[in-house]
Amino acid sequence: MGSRASSLLREEDIEEIKKETGFSHSQITRLYSRFHSLDKGENGALSREDFQRIPELAINPLGDRIINAFFPEGEDQVNFRGFMKTLARFRPVEDNEKNKGPPSGEPLNSRMNKLLFAFRLYDLDRDDKISRDELLQVLRMMVGVNISDEQLGSIADRTIQEADTNGDMCISFTEFTKVLEKVDVEQKMSIRFLH
Amino acid sequence: MSRVCVLRCETKSVLFQLPKQERLREKWLQFIFQRIPKGYNPRVVLCARHFTDDCFDNLGAFSAGYVKRLSLREGAIPTLFGPFSSTESQPWATLRIERGAKEKKHLLYKTNANGIIAKEPTSLEEELKEIRQNGCNRKLKGPTTIIGHTPTSSEYEMSDIFYFFRRGIESIVDDEVTKCFTAEELESWNLLTRSNYNFQHISTRLTVLWGLGVVIRYGFLLPLRLKCLLSEKVHLMCYRICVRALTAIIMYHHSENKPKNGGICVANHTSPIDVIILASDGCYAMVGQIHGGLMGIIQRSMVKACPHIWFERSEVKDRHLVAKRLSDHVKDKTKLPILIFPEGTCINNTSVMMFKKGSFEIGSTVYPVAIKYDPRFGEAFWNSSKFGMVNYLLRMMSSWAIVCSVWYLPPMTRQEGEDAVHFANRVKAAIARQGGLVDLLWDGGLKREKVKDTFKEEQQKLYSKILVGVHEDRSRS
């Protein structure tokens, strides 16, 4: 309990994060507190082990993929900026933002960006397509050993058949969006941050 | 159920009726209507959104899908997302810090009193059903229509991952376990630097006061306490002196339930001082591992005064040996009651973690004791992975005081047909309720070890059932 946060967050940093992510001042400070309590090595960045130490995350079937989503291509550490950017995608969509045109690019938590984030969970090799193998991998993670290979394979095939429109046996991002067009993505991929 | 939350919450959530008890009901009404209305529909319901996490008995198990019904604690009052938000009143030092922070635009770490996020207490099945009902209204493509494939029985939806994804992110932002192993953050500052991450030069007045506090604590209280500690040897007196050495102000409640000979006393564990506090009010036989260092010396000296049960590390692994020695001790009615901390490790006194069932298998009377420290005067939690024993004792002796309450609960015995785990949970719930602590299912061993894979497998099994169950419906139709 004794040691303070070794590198306190500066006011300029908070302002930048606020602009980038849309979190409020108090939310940012609280999340920094959380970031700091996860950072056991106290070096200002989180590694994969730091995430895996959270028991509720370790028992989540998709835990590893979720942790992966925080780390940019090929990197092993995520700093507070990166942490916040990832969390920002789970902010609820605010009404006034829904109709806003994109002068500075779309906000991180827009519907499309949420869908893109979910797409990336499947698409491990980042080739903008979900292949049958990638789908099978995610399915296998979610069901464990309880379903046989053949059954799982047929589930995967059926899913691709339903979604695929251009016949390449893969699901592109547009096809993905089309499949999920009726789903309330804004609500299901949002977390209610308090004040 | 066609009823909705009286505050018109859009998101579907578990609903609770008004409590029957008059005073509690009034508090709920006050929250909903901001007054006690003369006439109201007695069947209004509130959804779970309005309650903080600690208002629930089994939130952890419910969110993980192990139990079907979410239950509210007795006496729970809704506080969140009311018609109007309210501000809390805060004590002097905190106000001063906040004012100072605003003036100089310093950073201020908010406390985690109410949690960073509000978690949805819906289970896996409910959520998936919701997602699919929304998504299944899409059109099916012509050439790939499968015979017998109706919109409501689609097997796998790409949106199924949303549930797990969101839960995962929620647990990253706020999880029950990590919170237990870091010391509680205080809303108001008790003028000890170590309890506060905000210490910066806010105002001269505050610093001077703090400085004075330091002088008093290190200059007067500490040497006084060391002197007291070194000069006494007799058993009960010894403990009483220890208590005074730490300036512990202990309030014992329900002393009529004090443990008697031939029983087992179980208590929640926050620090080694628990032992001193309990032992100064009665004689106990201790059970534990032999430690090296300072603890070892203390243990060995205690054995000379009273028959305690100490184990070598190797013996601890042998559960049968342990159980046998314990039951032998208990059978002898003249021997002192055994003191056991079934959590197995120090928890930061906001919650009670899983009780190890070993002590509950022996089959004698169990006397539960709840210990709750008041964090305003000194943080008693011992984070053994961060500080050693001596460091910890030094901190204890140089804080203001240790204030705590000890409740002796009525004795409990294992009932017919109840297994040890069930009994342990019953005792744990009683202790948590008395001390106002959160009752958790998680194992205290998580402080040091990784979580078991069986929990993940349970989730996978549950999800597979949903998938396969739908598949079976299809093949039948």
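Note that this is a predicted model, so its numbers are computed, not measured. The sequence lines fix the lettering, A, B, ..., with proteins before strands; numbering per chain opens at 1. Side chains included, hydrogens not; waters and symmetry mates left out as well; all remaining heavy atoms used.
Here NZ of K188(A) is found 15.5 Å from CZ of F165(B). Values are rounded to the nearest 0.5 Å. Between L462(B) atom CG and M142(A) atom CE the span is 12.5 Å, to the nearest 0.5 Å. In this structure, the separation between CD1 on I66(A) and CZ on R167(B) is 11.0 Å, given to the nearest 0.5 Å. If you take CD1 on I147(A) and OG on S464(B), they are separated by 4.5 Å, rounding to the nearest 0.5 Å. Separating the CZ atom in R166(B) from the CG atom in N60(A) is a distance of 11.5 Å, to the nearest 0.5 Å.
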>> Applying side-chain contact (heavy atoms from CB on, under 4.5 Å) to Y163(B) and L62(A), what does each step give before you reach the verdict?
In response: CA-CA 10 Å; Y163(B) 173 78; L62(A) 294 179; over 6 Å; no
>> Please determine whether side-chain contact (heavy atoms from CB on, under 4.5 Å) holds for the pair F193(A) and V173(B), giving the CA-CA distance in whole Å, both sets of side-chain angles, and the decisive distance to 0.1 Å.
In response: CA-CA 10 Å; F193(A) 289 94; V173(B) 175; 4.3 Å; yes
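For the options I171(A), L139(A), L87(A), heavy-atom pairs under 4.5 Å to chain B are most numerous at L139(A).
I191(A) has its side chain within reach of E170(B): a pair of non-hydrogen atoms, C-beta onward, lies under 4.5 Å apart.
Remark: the backbone N or O of G168(B) is not paired with any side-chain donor or acceptor of E56(A) at under 3.5 angstrom.
For residues 113-130 of chain A, heavy-atom neighbours of chain B at less than 4.5 Å comprise L115(A), F117(A), A118(A), L121(A), Y122(A), I130(A), sorted by residue number. Within residues 72-84 of chain A, the residues having any heavy atom less than 4.5 Å from a heavy atom of chain B are, in residue-number order, F83(A).
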